[in-house]
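Everything on this sheet refers to the single structure shown next.
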Amino acid sequence: MPKVTIDGTEIEVAPGTSVLQACEQLGIEIPRFCYHDKLSVPANCRMCLVEIEKTPKPMASCALPCNDGMVVHTDSAMVAKARKGVMEMLLINHPLDCPICDQGGECDLQDQAVAYGFDRSRYNEAKRAVSDKELGPLVSTVMTRCIHCTRCVRFVDEIGGTPELGGVYRGEKMEIGTYVQHALTSELSGNLIDICPVGALTNKPAAFTARSWEFTKTETIDVFDALGCNIRVDTRGNEVMRVLPRLNDDINEEWINDKSRFAIDGLKRQRLDQPYVRRNGKLMPASWAEAFTVIADRLRNTAPDRIGAIAGDMADCESMFALKALMHALGSPNMDCRQDAADYDMTSRAAYIMNSGIAGIEEADAIVLIGTNPRHEGTLVNARIRKRWMRGGCRVAMIGAQVDLGYPYKHIGDNPSDIAKLADGSHEFAKILQNAKKPMFILGAGALARADGAALQRAVRELAEKFNAVRDDWSGFNILQLAASRVGGIDLDFLPQTGGSGTRGILSGKMEAIWLLGADEVDMQHIGSAFVIYQGHHGDKGAHRADVILPGAAYTEKSSIYVNTEGRPQLALQAAFPPGEAREDWKIIRAFSETIGEHLPFDTLMQLRQKIFDFAPVLRDIGKRTPAKWSKFGKEGKVSNAAFTPVIANFYMTDPISRASVTMAKCTEEILPHITQEAAE
């Protein structure tokens, strides 16, 4: 391993380590604009210049590999002069609009100009002006500020998989833009705002609304899908102003999808801020006591086996556990956390989680996607698969509807019967799986909602075992869940109890009372004449059908536990307060239990969590992924030949929050038709 001396300190580094990376290992800050540790190295901004002994000129440290015996100086007079010169050149055409730029206060160019730049300008000619580019409803452009670092170009090409940005013209006339003007179609386009080191690309929906130093910053968890991406919620007062990704290499690295970032304006619209009771066919405002009394009177006069409860896709562990305790107190065995009525074998935890972990995708050398579109169902999972494919040595196959995933794959077929082609070795990809050291199978949770879900689960499990994808040092059987609440709900056994009914039974028209815990994706027409209690945060489908509405808190307004598709429990923290009279969901259920005379055995959040941990010890290790013990699961049965169909028709509107979002409505109008047209072609 090469040894280099940097500013008088000797360090031994791995082969291929760049000088910039070696400096970072020593805690030495090297300024940069074009370099990003998740992107390829272009070495075109020249801000990272350092002095190498026995070389006649400063060198770009980001693209210079360490050699044995190299002596590096990062603070010499030559380096200081070179950096001042580079900064002066970068600022030649940069406009003096920091006071109105949304990047102000967190701008790399501002910071580095102060730290490494010159204290005056010697350029008297007119500055170059560049026309702004229209990139759609999410990303705003002021291209005169662009310094041609090409981070955006490399991101959409390498991470997003949609090479829609590039450089046109040459020399001083070069511009960054789309070759044909249209909205960016990547579900990760919002990350361009984060990686842009200047104010050329900014947040269009949040333009000119606040400054970065005005925000209160809260580290929490995203719940728009089942990945549990780590995010930071920035609030001003009690208003959520923006959402940014947090670094977590095990889950989302440093990216989030556009829905997680931009759908937050839906938190301000169509909110439920007080209880309602339906009187004479109309929902009328009521007090908490009135709402509780109406519910209690109805439930007292209803047989326990005629009461059911369904938890929605954004329900947290605390609220599901509290509602389960209430159902037990009422004597009802009818409950389910699966709005899609997916009925498959869940006796083993390995049967419903992503056993390899999201980061484990980078170890796979053959991947088979079955009944899933990870680009929409788990965008950051899809980005990981693309990252693994980009590195080489990994082949991808698909059984399901043909879609654009941003990387090539072998399409085996579109229905479950095509699994047999791999099992019996008749398809060419079977040989690739046979020779793979770490094969991986990713089964979409939406596919398991079919009538043959349990048989399909068994078939894929047997396929994984056949190709040695499950062993002591590797577990390549994965379920890509769709809902943030699903794994936690299953862990807490929010499922039909002995003799009870699941979602299909609850929606069969036989129930007389149904408690919907944020459940808006069920078919309300199948509820029949049942008395409906809707507990949620938006006036969506469930609230329209409800007889009593109990206003709950959204994910940014409560401290709660969510378990992601890997089976990793994570803690979401409260960033704002619920509006009006809305309350945290577990508190609502606990308060109602007193009204009906069934006092639940917890009074505080910590007491409730202790009950949860006692019931499901795997949830104790917050932030850690506990491998599941492998066992046989699935049920015998015939797998249907019906083709897999996409379970997400519109990525931008999948839940009450995104359906209330004006920004997501604009995406649906401007971006979705373009994606649909590309898929058709």
Side-chain angles (χ1 to χ4, degrees), residues 221 223 226 228 307-354 445 479 481-498 500-503 506 515-519 535-536 552-553 555 558-572 584-590 593 598 600-602 604-626 628-629 633:
I221 303 300
V223 300
I307 301 173
I310 301 176
D313 291 347
M314 290 184 168
D316 55 273
C317 289
E318 289 87 348
S319 62
M320 287 188 287
F321 190 84
L323 184 55
K324 176 187 173 184
L326 178 63
M327 290 296 110
H328 280 174
L330 295 173
S332 171
N334 309 311
M335 63 189 78
D336 209 335
C337 63
R338 303 163 297 178
Q339 287 190 95
D340 56 5
D343 186 17
Y344 53 92
D345 188 357
M346 287 166 285
T347 55
S348 168
R349 198 166 192 253
Y352 57 86
I353 67 171
M354 181 170 273
I479 302 294
Q481 296 287 356
L482 295 170
S485 65
R486 189 61 54 86
V487 175
I490 299 173
D491 283 342
L492 296 175
D493 196 30
F494 196 89
L495 300 168
Q497 306 298 294
T498 304
S501 298
T503 298
I506 295 172
W515 194 301
L516 298 179
L517 180 61
Q535 180 179 342
Y555 74 105
K558 55 188 175 183
S559 177
S560 48
I561 296 172
Y562 290 92
V563 188
N564 77 347
T565 191
E566 306 171 295
R568 185 194 305 267
Q570 297 187 100
L571 186 63
E584 295 178 43
D585 293 303
W586 76 267
K587 291 182 178 179
I588 296 172
I589 297 167
R590 168 63 183 80
S593 70
E598 298 289 351
L600 296 182
F602 45 82
T604 66
L605 181 61
M606 295 310 297
Q607 290 176 353
L608 171 56
R609 285 182 178 162
Q610 188 58 53
K611 295 287 185 182
I612 291 174
F613 298 152
D614 291 342
F615 182 85
V618 72
L619 303 187
R620 288 179 183 272
D621 295 327
I622 301 295
K624 297 182 180 179
R625 185 177 69 86
T626 304
K629 185 177 180 181
F633 51 80

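All values reported here derive from a predicted model rather than from experimental measurement. Count residues from 1 along the sequence.
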Just wondering, do [Y] and [X] contact through their side chains at under 4.5 Å, heavy atoms?
{"X": "F613", "Y": "I561", "result": "yes"}
{"X": "S319", "Y": "M314", "result": "no"}
{"X": "I479", "Y": "I353", "result": "no"}
{"X": "I307", "Y": "M327", "result": "yes"}
{"X": "Q570", "Y": "K624", "result": "no"}
{"X": "I490", "Y": "C337", "result": "yes"}
{"X": "I589", "Y": "Q535", "result": "yes"}
{"X": "L619", "Y": "L492", "result": "yes"}

Distance, nearest 0.5 Å, that separates [atom1] of [X] from [atom2] of [Y]:
{"X": "I506", "Y": "M335", "atom1": "CD1", "atom2": "CE", "answer": "8.5 Å"}
{"X": "W586", "Y": "F321", "atom1": "CH2", "atom2": "CZ", "answer": "12.5 Å"}
{"X": "L326", "Y": "S593", "atom1": "CG", "atom2": "OG", "answer": "7.0 Å"}
{"X": "R349", "Y": "K629", "atom1": "CZ", "atom2": "NZ", "answer": "15.0 Å"}
{"X": "R486", "Y": "T565", "atom1": "CZ", "atom2": "OG1", "answer": "10.5 Å"}
{"X": "L600", "Y": "H328", "atom1": "CG", "atom2": "NE2", "answer": "11.5 Å"}

Subject >> side-chain contact (heavy atoms from CB on, under 4.5 Å) evaluation trace for R590 with L608 >> reply: CA-CA 10 Å; R590 168 63 183 80; L608 171 56; over 6 Å; no
**OP:** Say whether, by atom type as modelled, one donor and one acceptor occur between the side chain of D336 and the main chain of T503 under 3.5 angstrom.
**Re:** yes
Original post:
Side chain of S485, backbone of G312: donor and acceptor closer than 3.5 Å?
Top reply: yes
Subject >> Stepwise side-chain contact (heavy atoms from CB on, under 4.5 Å) check, R568 with V487 >> reply: CA-CA 9 Å; R568 185 194 305 267; V487 175; over 6 Å; no
**OP:** List in chain and number order the residues that pass side chain to side chain contact (heavy atoms under 4.5 Å, CB included) with A572, two or more places apart in sequence or in another chain; answer none if no residue qualifies.
**Re:** T220, I221, S560, Y562
**OP:** Applying side chain to side chain contact (heavy atoms under 4.5 Å, CB included), name anything that partners Q607, two or more places apart in sequence or on another chain.
**Re:** F602, D603, T604
Looking at every heavy atom in both [X] and [Y], which two are closest together, and how far apart are they?
{"X": "A311", "Y": "A519", "value": "C-CB, 4.3 Å"}
{"X": "A226", "Y": "A483", "value": "CB-O, 3.4 Å"}
{"X": "G552", "Y": "I588", "value": "CA-CD1, 4.0 Å"}
{"X": "G488", "Y": "C317", "value": "CA-SG, 4.0 Å"}

Sequence neighbours left out, what passes side-chain hydrogen bond (donor to acceptor under 3.5 Å, both in side chains) with [X]? Give chain and number order.
{"X": "R609", "answer": "E318, S559"}
{"X": "Y352", "answer": "D491"}
{"X": "T626", "answer": "none"}
{"X": "K558", "answer": "D316, D585"}

**OP:** Given side-chain contact (heavy atoms from CB on, under 4.5 Å), test R338 with D343 step by step and report yes or no.
**Re:** CA-CA 8 Å; R338 303 163 297 178; D343 186 17; 4.1 Å; yes
Original post:
Could you go step by step and tell me if Q339 and I310 meet the side-chain contact (heavy atoms from CB on, under 4.5 Å) rule?
Top reply: CA-CA 7 Å; Q339 287 190 95; I310 301 176; 4.2 Å; yes
